[in-house]
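Structure, as structure tokens:
In what follows, chains are A, B, ... by sequence order, proteins preceding strands, each numbered from 1. The shown structure was predicted, so the numbers you read here are calculated from the model rather than taken from an experiment.
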Number of protein chains: 2
Amino acid sequence: MQKYVIISNDIRNKILNGEYVANQQIPFEKDLCVHYNASKMTVKKALDMLVSEGLIIKRRGSGTFVKDLSADAINRITLANQFRGTTSLYPDKKVYSKVLNFSIEKVPELAANKLNIASDSFVYDIHRVRYVDDKPTVMEKIYMPIDLIPNLKEKNIKGSIYGYIKEELHLNIQSAHRTISVRKATDFEAEELGMEKGDPVAVAEQVGYLDTGSAFEFSTSIHRYDNFSAEFVLTSN
Amino acid sequence: MQKYVIISNDIRNKILNGEYVANQQIPFEKDLCVHYNASKMTVKKALDMLVSEGLIIKRRGSGTFVKDLSADAINRITLANQFRGTTSLYPDKKVYSKVLNFSIEKVPELAANKLNIASDSFVYDIHRVRYVDDKPTVMEKIYMPIDLIPNLKEKNIKGSIYGYIKEELHLNIQSAHRTISVRKATDFEAEELGMEKGDPVAVAEQVGYLDTGSAFEFSTSIHRYDNFSAEFVLTSN
DNA sequence: AAGTGGTCTAGACCACATT
DNA sequence: ATGTGGTCTAGACCACTTC
């Protein structure tokens with residue numbers, strides 16, 4: 001484990017344990033260097049992680065301070081900000097899909113733009129409803145280039161596509177760009193998700209990237225309004 | 001301007017100009033060090049900024065590559081990820097508020113938790129509807145500790161609260177923690193925002209922090225569904 | 001004036017991918 | 001075996017806050 005991660009974890013624990021309390025100044029970088037037997041750059045990197053998690057504040061000229069977070073906010077922050085497929089989001093629940101469509105098609109223009117592939121490429125055209133503990137939760141429309149994700153089968157669609165990509169193809173998912181918006185459910189969405197017509201839904205449009213830099217997924221997810229939230233920390237620098 | 005910002009900007013421009021194209025490998029860190037006459041740490045920091053913006057990918061052992069982004073995604077990314085008040089989000093538009101309430105109250109329990117202040121503290125209780133170009137756009141319920149933000153006046157509520165905090169109080173806003181969810185508009189919200197009853201709304205709950213580390217704002221914003229989106233980049237490391 | 005965090009360096013060694 | 005990016009150091013100088 002890297003030294004800056006160890007230092008960062010240690011300080012995070014001290015904050016969560018209450019050893020460093022709200023608004024308290026924590027030791028200077030110089031002293032932390034001595035305490036952890038590390039160089040200034042390393043300590044700084046450790047502290048910067050905590051800044052981007054939203055736990056501490058640094059002020060040049062005066063020092064580093066624990067943010068005055070409510071217990072509530074601390075809880076949310078510790079649920080780290082990783083992104084995962086639906087399956088691993090609900091590790092204790094039964095997750096499966098009703099497959100509405102699974103075919104290979106010429107890529108629609110919008111998807112070609114998002115995936116940045118040639119307009120005569122072929123993609124999987126996947127349409128499914130995800131059930132969590134037998135309750136319909138999300139309707140997903142997914143396009144994936146067949147070149148990048150070979151041999152996708154209906155059983156993967158029913159289970160975890162991300163699992164197939166990671167464990168069977170041994171590809172690494174690197175990042176995702178996501179946009180969230182809100183609208184009324186269509187009649188079809190309402191029916192499939194067990195809602196009333198016109199009920200609100202959250203729409204998450206996402207482009208996922210492999211660590212090769214290629215976009216492997218353009219998806220649009222329709223979430224029931226009672227089962228959706230997104231959280232993030234915004235920083236000014 | 002810091003050297004790593006200059007380098008970062010230069011490379012970002014080369015990507016946006018098309019000088020470095022999608023999936024192309026960009027020069028090695030070693031060569032960039034020579035080209036920019038900078039040390040490895042500095043070049044690395046510059047590249048890491050671009051990674052977190054989602055423009056490039058780094059792979060240990062092989063090199064650094066331009067992400068295969070659609071033009072569309074590039075546009076969204078260049079609209080950088082800063083957070084601002086409504087006023088500066090719409091610099092060319094006329095922004096003002098209808099004030100529904102502006103009073104000083106004992107802090108409600110929920111707000112006391114979020115702001116992490118004593119339960120016998122006093123806060124401004126602000127309720128307003130923001131109009132952009134004469135169209136109602138957001139309804140905001142805001143609590144701010146009176147100790148932190150003294151002398152707030154109704155004219156600030158009608159205009160820009162953030163402007164007052166920054167320009168008149170000379171306080172620095174450091175970060176914000178935001179959660180987004182979705183629900184149906186109440187009848188009152190529908191009326192004030194000019195929607196039908198039960199129309200979808202996006203609800204953004206936000207706790208804002210000063211660079212002193214204190215929470216200065218707990219707000220809940222109700223956004224019309226036709227005028228809301230949130231964007232972010234998720235990274236696996 | 002003294003002390004903080006921010007940036008930068010020149011070079012070392014390591015983990016990993018490719019050849 | 002070579003070469004990539006990742007981590008870490010020891011120390012320098014700078015920008016800013018506080019006294």
- Note on the structure: Checking Lys44(B), Lys58(B), Lys45(B) against Glu29(B) for salt bridge (Lys or Arg N to Asp or Glu O under 4.0 Å), the one that qualifies is Lys58(B)

- Message: If you apply the rule ring pair (Phe, Tyr, Trp, His ring centres under 6.0 Å), what do you find for Phe102(B) with His127(B), and how did you get there?
- Response: CA-CA 7 Å; Phe102(B) 176 47; His127(B) 200 185; over 10 Å; no

- How many Å lie between CD on Gln25(A) and P on dG3(C), as a whole number? 14 Å

- Message: Distance to the ring centre below 6.0 angstrom and angle to the axis at most 45 degrees; does that hold for Arg130(A) and Tyr96(A)?
- Response: no

- Query: Can a cation-pi geometry be assigned to Lys67(A) and Tyr209(B), taking NZ or CZ under 6.0 Å from the six-membered ring centre and within 45° of the ring axis?
  - Reply: yes

- Note on the structure: First and last nt of DNA chain D near chain B, cut-off under 4.0 Å to heavy atoms, 5' to 3', are dG3(D) to dC8(D)

- Note on the structure: Separation between OG (Ser8(B)) and CG (Asp48(B)), nearest 0.5 Å, reads 9.5 Å

- Message: Using 0.5 Å steps for rounding, measure from the NZ atom of Lys40(B) to the CG atom of Leu47(B).
- Response: 11.0 Å

- Message: Once you apply a heavy-atom cut-off of 4.0 Å, does Asn37(A) come out as touching a base, just sugar-phosphate, or nothing?
- Response: sugar-phosphate

- Note on the structure: Here the distance between atom P of dG5(C) and atom CG of Leu50(A), to the nearest Å, is 14 Å

- Message: How long is the straight-line distance from CG of Leu169(A) back to CG of Leu152(A), given to the nearest 0.5 Å?
- Response: 8.5 Å

- Task: Identify whether any heavy atom of Lys44(B) sits under 4.0 Å from a base atom; if not, whether one sits that close to sugar-phosphate; answer base, sugar-phosphate or nothing.
- Result: base

Protein-nucleotides 16-19 of chain C N/O pairs under 3.5 Å:
none

- Any idea how His223(B) and Phe228(B) line up, ring-wise: parallel (<30°), tilted (30 to 60°), or perpendicular (>60°)? tilted

- Of Phe28(B) and Met1(A), whose closest DNA chain D nucleotide lies nearer the 5' terminus? Phe28(B)

- Would you indicate what Lys30(A) reaches in the nucleic acid, counting non-hydrogen atoms under 4.0 angstrom: base, sugar-phosphate, or nothing? sugar-phosphate

- Message: Just to be sure I understand the rule, does Lys40(A) reach a base, reach only the sugar-phosphate, or reach nothing, if contact means heavy atoms closer than 4.0 Å?
- Response: base

